[in-house]
Amino acid sequence: MRNFLKIFFKVNWIATLLFNFRYFGWKKGKIIPVLLFRSCHVRGKGSFIIPNDCCFGMIKLGIKHEISCISSIGILIENNGIIKFQGSGIMGNGCIISVKKNAVLSFGKNFGMTGDIKIHCHEKIFIGRNFSCSWNVVISDTDFHECLNPDDGKIMPKTNQIIIGDNVWCCQHTFISKGSIIPDWTTIAQLSLTNKKYNCINYSILAGIPAKCMNKKLVREDISKINSLPDNWIITKGFKVFNIK
């Protein structure tokens with residue numbers, strides 16, 4: 001009961017109700033699948049998509065669940081494209097998401113993102129299932145500025161899609177830049193920068209600036225447990241921050 005009340009009073013109920021009914025209509029909106037926490041701001045003319053089998057509180061945005069994330073902002077979303085939620089997930093406080101017109105940002109089922117994360121989507125960012133992301137991470141599919149090669153005068157592409165596979169663990173202070181294609185079961189070490197397609201085997205570690213595939217393997221036991229659970233298991237729902245695995 002104590003935990004229930006603690007979470008209940010952290011929800012920004014006005015913003016939550018307006019968000020759910022605006023983007024999902026009456027049929028889905030009355031279920032209240034998305035909970036917004038603290039000082040949350042959502043703007044733009046884009047759309048949000050969730051599964052038809054949604055349930056109450058299956059997506060939590062702006063919730064503070066890690067002491068190292070001290071931002072007073074819940075979450076800021078500027079969406080002029082499409083944001084898809086393939087299933088349940090959590091995004092912590094201090095996160096900023098920007099999706100440009102005609103761009104698509106897709107979150108796989110059971111994502112867990114700690115906080116103070118910035119996502120810039122100008123073309124396409126696809127995030128797979130069971131994505132685990134630490135704090136102070138940047139995911140950006142754009143350079144923001146037009147650049148050219150001074151030797152031949154050719155204009156370089158400003159954007160390039162990002163694809164993150166299933167069961168990827170992204171550690172703190174990493175940068176996933178345009179053109180990054182991260183295989184399933186990859187760990188991106190802290191203070192690393194990815195910038196290309198990586199052809200690594202399962203459980204590989206990417207580390208460095210720019211990141212390279214290290215001659216080491218690592219598997220997170222909790223992510224392995226999630227994969228052994230029934231397919232209908234979801235990482236969060238109702239007023240539970242994380243379901244017990």
Side-chain angles (χ1 to χ4, degrees), residues 2-16 19 33-43 48 57-79 83 85 87-99 105 107-121 125 127-140 162 164 167-177 180 182 186-194 206-207 209 220 222-223 226 234-245:
R2 187 175 180 180
N3 287 335
F4 166 85
L5 292 175
K6 185 177 180 181
I7 299 298
F8 181 90
F9 287 112
K10 285 185 177 180
V11 176
N12 185 334
W13 286 106
I14 294 177
T16 291
F19 178 91
V34 178
L35 297 179
L36 300 179
F37 291 78
R38 301 168 66 86
S39 175
C40 294
H41 303 278
V42 181
R43 62 194 186 204
F48 291 81
M58 65 180 284
I59 298 167
K60 295 178 175 64
L61 303 178
I63 182 171
K64 181 177 173 62
H65 61 95
E66 170 57 54
I67 194 170
S68 62
C69 300
I70 61 175
S71 174
S72 60
I73 299 173
I75 194 167
L76 172 60
I77 300 176
E78 185 176 59
N79 178 25
I83 296 179
F85 295 107
S88 65
I90 291 178
M91 185 176 294
N93 58 309
C95 293
I96 299 174
I97 298 176
S98 175
V99 181
L105 170 61
F107 294 94
K109 183 179 179 181
N110 295 330
F111 66 90
M113 308 178 78
T114 304
D116 294 328
I117 296 161
K118 295 179 176 62
I119 300 177
H120 302 280
C121 182
I125 297 176
I127 298 173
R129 295 163 59 99
N130 308 325
F131 178 60
S132 180
C133 185
S134 299
W135 57 92
N136 293 323
V137 170
V138 177
I139 304 174
S140 177
I162 291 173
I164 300 173
N167 309 306
V168 170
W169 178 20
C170 182
C171 298
Q172 61 267 32
H173 300 284
T174 60
F175 194 117
I176 301 177
S177 66
S180 295
I182 313 298
T186 297
T187 296
I188 305 173
Q190 62 183 352
L191 299 171
S192 296
L193 180 147
T194 65
L206 296 177
I209 302 177
R220 269 182 54 166
D222 54 347
I223 296 179
I226 289 175
I234 60 177
I235 196 170
T236 184
K237 63 179 178 179
F239 291 108
K240 290 183 178 180
V241 179
F242 289 102
N243 285 330
I244 298 174
K245 296 184 284 293

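Between the side chain of K109 and the backbone N or O of I235, no donor-acceptor pair lies under 3.5 Å. In this structure, the side chain of K60 does not engage the main chain of G89 through any donor-acceptor pair within 3.5 Å. In terms of modelled atom types and a separation under 3.5 Å, the side chain of N167 and the main chain of F131 share no donor-acceptor contact.
Checked against ring pair (Phe, Tyr, Trp, His ring centres under 6.0 Å), F175 has no partners two or more places apart in sequence or in another chain. Evaluation of the ring pair (Phe, Tyr, Trp, His ring centres under 6.0 Å) rule for F37 yields no partner, not counting sequence neighbours.
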May I have the step-by-step check of side-chain contact (heavy atoms from CB on, under 4.5 Å) for V11 and L36, ending in yes or no? CA-CA 6 Å; V11 176; L36 300 179; over 6 Å; no
When you look at V42 and F48, which way does the side-chain contact (heavy atoms from CB on, under 4.5 Å) test go after all the steps? CA-CA 11 Å; V42 181; F48 291 81; 4.0 Å; yes
Show, in sequence, the C-alpha distance, side-chain angles and deciding distance for R220 and S132, and conclude whether the side-chain hydrogen bond (donor to acceptor under 3.5 Å, both in side chains) test is met. CA-CA 10 Å; R220 269 182 54 166; S132 180; 2.8 Å; yes
List the steps and the verdict of side-chain contact (heavy atoms from CB on, under 4.5 Å) for L76 and R43. CA-CA 8 Å; L76 172 60; R43 62 194 186 204; 4.3 Å; yes
Worked verdict on F8 versus W13 for ring-ring contact (aromatic ring centres under 6.0 Å, His included): CA-CA 9 Å; F8 181 90; W13 286 106; 5.2 Å; yes
Step by step, work out the side-chain contact (heavy atoms from CB on, under 4.5 Å) result for T236 and F242. CA-CA 5 Å; T236 184; F242 289 102; 5.5 Å; no
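The shortest distance between side-chain heavy atoms of I97 and M91 falls below 4.5 Å. Looking only at side-chain heavy atoms (C-beta outward), T174 and L193 stay at 4.5 Å or farther from each other. Contact check for I234 versus N243: side-chain heavy atoms found under the 4.5 Å cut-off. Side-chain contact check for L105 versus I119: some heavy-atom pair is nearer than 4.5 Å. Proximity of V241 to I7: side-chain heavy atoms (C-beta onward) are separated by under 4.5 Å at one or more points. Side-chain atoms of V137 and T114, non-hydrogen and from C-beta on, never get closer than 4.5 Å to each other.
In terms of heavy-atom proximity, S192 sits nearest to A189 at OG-O, 2.9 Å. Contact record, R38 with N12: O-ND2, 3.0 Å, taken as the closest heavy-atom pair.
Atom CH2 of W135 and atom CD of E66 lie 5.0 Å apart (nearest 0.5 Å). One finds the CD1 atom of I125 at 6.5 Å from the OG atom of S140 (value rounded to the nearest 0.5 Å). Residue T187 holds its OG1 atom at 8.5 Å from CG of L206, rounded to the nearest 0.5 Å. Between the CD1 atom in I117 and the CG atom in N136 there is a gap of 8.5 Å [rounded to 0.5 Å]. Atom-to-atom distance recorded for D116:CG and S71:OG is 5.5 Å, nearest 0.5 angstrom. The NE2 atom of H173 sits 9.0 Å away from the OG atom of S134 when rounded to the nearest 0.5 Å.
Checking I63, L35, L61 one by one against I90, the side-chain contact (heavy atoms from CB on, under 4.5 Å) holds for a single residue, I63.
Using modelled atom types, one finds a donor on one side chain and an acceptor on the other under 3.5 Å when comparing N110 with S88.
In this structure, F111 and F85 have parallel ring planes: the angle between them is below the 30° cut-off, well short of the 60° mark.
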